[in-house]
Amino acid sequence: MRWWALTLVMLSACKSPALETCDKEERLFGRPTADTGLTDAQCAPSCASCNWTAPSLTRATFDGWAALELATPYAEVTEDPYEAAAPTIPADAVCGVHVDGATYRLVDYATPDAAADADAIITHRGVCGVCSTLDDLAVYAGVGDLTKPVRQCGLDHIFGTQEEHLACLMNLGFTRPCAQIWYFNTKHTQAECADECFSAIDDPYHLDDGALNPCLRCDEQLSGPVFKAIAGRTRRNSGLATALCRPCDSVTPLAHDYLERSTR
């Protein structure tokens, strides 16, 4: 077994494989940076209510995830999904990973128990989508602050072509279908939240009380539902601690132990 696979086995051994739920806590979950606007006392990568601390993963782990090949790649998102209502996401649904050697499949399950019965590794809450791939997980986990570079792509290409904007997003490591939903999300937010976002362009991500700034709040409310339905994976439903801090009761604690399965 390679050392990076052994590392993940050791990390996951400290955590029950069952899907847990954290309670709401005064302190938020995340890894604050200078752009977050919160202190370590206000936001940290752990939730005491469910005894969860997000592991600090390595580049070797991310490379290991990206080396696994998705058996059936997603089709491109060529039509703007914001032209229709957001699809409903079943409340108990989870997205499961089945690893077979150097390849893997993504499968929707109605409940965590159904995923466990099928010997699937739960990779996030909610149905699978175009950002549920392990390549995109590597980006989500490896880039501690996606807000800044994604926003910069939007600003740099606000009057440019879609392909230029997509190239910027794909340079972050996103697969093309995942980059496409991020593109449509950005364009929708630019249209619906222009006043809030341009007035808060230099503001920290959070207000002093921990709430999101007006731009991010507008994006979450008006663009978030469609994004979640199409992307599948978000940082909080994957249990990732990032520069955007979230309430513990909205975070899914998960041990992403795909590499251990790939050695079977």
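Model, not experiment: these values are computed from the prediction. Reckoned from all heavy atoms, side chains included, excluding hydrogens, waters and symmetry mates.
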Engineer: Are the side chain of Thr33 and the backbone of Ala243 linked by a donor-acceptor contact shorter than 3.5 Å?
Structural biologist: no
Engineer: Would Thr242 and Asp145 count as a side-chain contact (heavy atoms from CB on, under 4.5 Å) if you check the C-alpha gap in whole Å, the side-chain angles of each, and the deciding distance to 0.1 Å?
Structural biologist: CA-CA 6 Å; Thr242 70; Asp145 182 0; over 6 Å; no
Engineer: Search all heavy atoms of Ala120 against all heavy atoms of Gly96 and return the closest pair with its distance.
Structural biologist: CB-CA, 4.1 Å
Engineer: Can you tell me if Asp209 has over 12 outside heavy atoms packed within less than 6.0 Å of its CG?
Structural biologist: yes
Engineer: Do Val130 and Leu68 sit in one hydrophobic cluster, given that two such residues count as connected whenever their side-chain heavy atoms are within less than 4.5 Å of each other, even indirectly?
Structural biologist: yes
Engineer: Just by modelled atom types, is the Asp208 backbone N or O under 3.5 Å from a matching donor or acceptor in the Gln42 side chain?
Structural biologist: yes
Engineer: What are the two closest heavy atoms between Lys148 and Asp35, and how far apart are they?
Structural biologist: NZ-OD2, 2.7 Å
Engineer: Mind checking what makes side-chain hydrogen bond (donor to acceptor under 3.5 Å, both in side chains) contact with Thr111, not counting sequence neighbours?
Structural biologist: none
Engineer: So, Asn237 side chain and Gly232 main chain: donor-acceptor pair closer than 3.5 Å or not?
Structural biologist: yes
Engineer: Taking the side chain as C-beta and beyond, is there a heavy-atom pair between Thr133 and Cys178 under 4.5 Å?
Structural biologist: no
Engineer: Would you list the atom pairs, donor with acceptor, under 3.5 Å between side chains in residues 188-195 and any protein atom, with sequence neighbours excluded?
Structural biologist:
from   : atom 1 : to     : atom 2 : distance (Å)
His188 : ND1    : Ser223 : OG     : 2.9
Thr189 : OG1    : Asn185 : O      : 3.0
Thr189 : OG1    : Asp219 : OD1    : 2.5
Thr189 : OG1    : Ser223 : OG     : 2.8
Gln190 : OE1    : Lys187 : NZ     : 3.3
Gln190 : NE2    : Gly154 : O      : 3.2

Engineer: When you measure from the side chain of Thr103 to the backbone N and O of Asp100, does any donor-acceptor pair fall under 3.5 Å?
Structural biologist: yes
Engineer: Just to verify, what does Lys24 make a side-chain hydrogen bond (donor to acceptor under 3.5 Å, both in side chains) with, not counting sequence neighbours?
Structural biologist: none
Engineer: Can Glu25 and Ser49 be counted as having a side-chain donor-acceptor contact under 3.5 angstrom?
Structural biologist: yes
Engineer: Asp23: what forms a side-chain hydrogen bond (donor to acceptor under 3.5 Å, both in side chains) with it, not counting sequence neighbours?
Structural biologist: none
Engineer: Shorter than 2.5 angstrom, is that how the SG atoms of Cys47 and Cys22 come out?
Structural biologist: no
Engineer: Let me check something: do Leu254 and Val107 share a hydrophobic cluster, defined by ILVMFWY side-chain heavy atoms less than 4.5 Å apart, either directly or through other members?
Structural biologist: yes
Engineer: What pair of heavy atoms forms the shortest contact from Gln162 to Phe184, and how long is it?
Structural biologist: NE2-CZ, 4.3 Å
Engineer: Can you name the residues that form a salt bridge (Lys or Arg N to Asp or Glu O under 4.0 Å) with Glu163, not counting sequence neighbours?
Structural biologist: Arg176
Engineer: Would you check if Thr36 and Cys245 make a side-chain contact, meaning some heavy-atom pair closer than 4.5 Å?
Structural biologist: yes
Engineer: For Leu134 and Leu70, what are the C-alpha separation, side-chain angles and deciding distance, and is it a side-chain contact (heavy atoms from CB on, under 4.5 Å)?
Structural biologist: CA-CA 8 Å; Leu134 299 187; Leu70 181 60; over 6 Å; no
Engineer: If hydrophobic clusters are built by linking Ile, Leu, Val, Met, Phe, Trp and Tyr wherever their side-chain heavy atoms come under 4.5 Å apart, do Phe62 and Leu172 end up in the same one?
Structural biologist: yes
Engineer: Please evaluate residues Arg27 and Ser46 with respect to the criterion side chain to side chain donor-acceptor pair (under 3.5 Å), reporting the C-alpha separation (whole Å), side-chain torsions for both, the decisive distance (0.1 Å), and the verdict.
Structural biologist: CA-CA 9 Å; Arg27 189 172 68 176; Ser46 62; 3.0 Å; yes
Engineer: Tell me if a side-chain donor or acceptor on His206 pairs with a main-chain N or O of Asn213 at a distance below 3.5 Å.
Structural biologist: no
Engineer: Kindly write out the residues that satisfy side chain to side chain contact (heavy atoms under 4.5 Å, CB included) with Ser250, not counting sequence neighbours, or none if the list is empty.
Structural biologist: Arg236, Arg246, Pro247
Engineer: Once rounded to the nearest 0.5 Å, what's the spacing between atom SG of Cys153 and atom CD of Glu164?
Structural biologist: 11.5 Å
Engineer: Assign the ring pair Trp182 / Phe174 to parallel, tilted or perpendicular, where the plane angle (0 to 90°) is split at 30° and 60°.
Structural biologist: parallel
Engineer: Find the distance between CG (Asp117) and OH (Tyr109) and round it off to the nearest 0.5 Å.
Structural biologist: 9.5 Å
Engineer: Looking at Glu69, I want to see if its CD is surrounded by more than 12 non-hydrogen atoms of other residues, nucleotides or ligands under 6.0 Å.
Structural biologist: no
Engineer: List the steps and the verdict of side-chain contact (heavy atoms from CB on, under 4.5 Å) for Val97 and Val99.
Structural biologist: CA-CA 6 Å; Val97 172; Val99 181; 3.7 Å; yes
Engineer: Mind checking whether Met170 and Leu137 sit in one hydrophobic cluster, side chains of I, L, V, M, F, W, Y counted as touching below 4.5 Å?
Structural biologist: no
Engineer: Taking only residues two or more places apart in sequence, or in another chain, which ones meet Tyr205 in a ring pair (Phe, Tyr, Trp, His ring centres under 6.0 Å)?
Structural biologist: none
Engineer: Can a donor-acceptor pair be found between the side chains of Tyr258 and Thr123 at a distance below 3.5 Å?
Structural biologist: yes
Engineer: Checking Thr252 against His124 for the side chain to side chain donor-acceptor pair (under 3.5 Å) test, could you report, in this order, the C-alpha distance in whole Å, the side-chain angles of both residues, the deciding distance, and whether it holds?
Structural biologist: CA-CA 7 Å; Thr252 303; His124 63 75; over 6 Å; no
Engineer: Check whether the SG atoms of Cys50 and Cys248 are less than 2.5 Å apart, and answer yes or no.
Structural biologist: no
Engineer: Suppose we screen for side chain to side chain contact (heavy atoms under 4.5 Å, CB included). Which residues come up paired with Ala93, at least two apart in sequence or across chains?
Structural biologist: Pro90, Val127
Engineer: Which Ile, Leu, Val, Met, Phe, Trp or Tyr residues join Leu155 in one cluster when any pair of side-chain heavy atoms under 4.5 Å counts as a link?
Structural biologist: Ile158, Phe159, Phe198, Ile201
Engineer: Would you give the length of the straight line joining atom CD of Glu220 to atom CZ of Arg217, rounded to the nearest 0.5 angstrom?
Structural biologist: 10.0 Å
Engineer: Could you tell me if the side chain of Ile181 sits less than 4.5 Å from the side chain of Pro81, heavy atoms only?
Structural biologist: yes
Engineer: Can you check side-chain contact (heavy atoms from CB on, under 4.5 Å) on Leu212 and Leu207, steps first, answer last?
Structural biologist: CA-CA 6 Å; Leu212 293 175; Leu207 305 180; over 6 Å; no
Engineer: Rounded to the nearest 0.5 Å, how far does CG of Leu169 lie from OG1 of Thr175?
Structural biologist: 11.0 Å
Engineer: Strictly under 2.5 Å separating the two SG atoms? Check that for Cys197 and Cys218, please.
Structural biologist: no
Engineer: Connecting only ILVMFWY residues whose side-chain heavy atoms lie within less than 4.5 Å of each other, what is the rest of Leu222's hydrophobic cluster?
Structural biologist: none
Engineer: Holding to ring pair (Phe, Tyr, Trp, His ring centres under 6.0 Å), I want the full list of residues that pass it with Tyr74, two or more places apart in sequence or in another chain.
Structural biologist: none
Engineer: Please say yes or no: joined through hydrophobic side-chain contacts below 4.5 Å, possibly via intermediate residues, are Leu216 and Tyr140 part of one cluster?
Structural biologist: no
Engineer: Please check if the side chain of His256 supplies one atom and the backbone of Ser238 the other of a donor-acceptor pair under 3.5 Å.
Structural biologist: yes
Engineer: State plainly whether the residues Arg233 and Asp136 are in salt-bridge range, i.e. N to O under 4.0 Å.
Structural biologist: no
Engineer: If you link I, L, V, M, F, W and Y whenever their side-chain heavy atoms are under 4.5 Å apart, who else ends up in the same group as Leu28?
Structural biologist: Leu38
Engineer: Name the residue from Leu244, Val251, Leu240 that meets the side-chain contact (heavy atoms from CB on, under 4.5 Å) definition with Phe29.
Structural biologist: Val251
Engineer: Got a second to check how far Gln152's CD is from His157's NE2, nearest 0.5 Å?
Structural biologist: 9.0 Å
Engineer: Check whether any side-chain heavy atom of Val139 lies under 4.5 Å from a side-chain heavy atom of Asp135, and answer yes or no.
Structural biologist: no
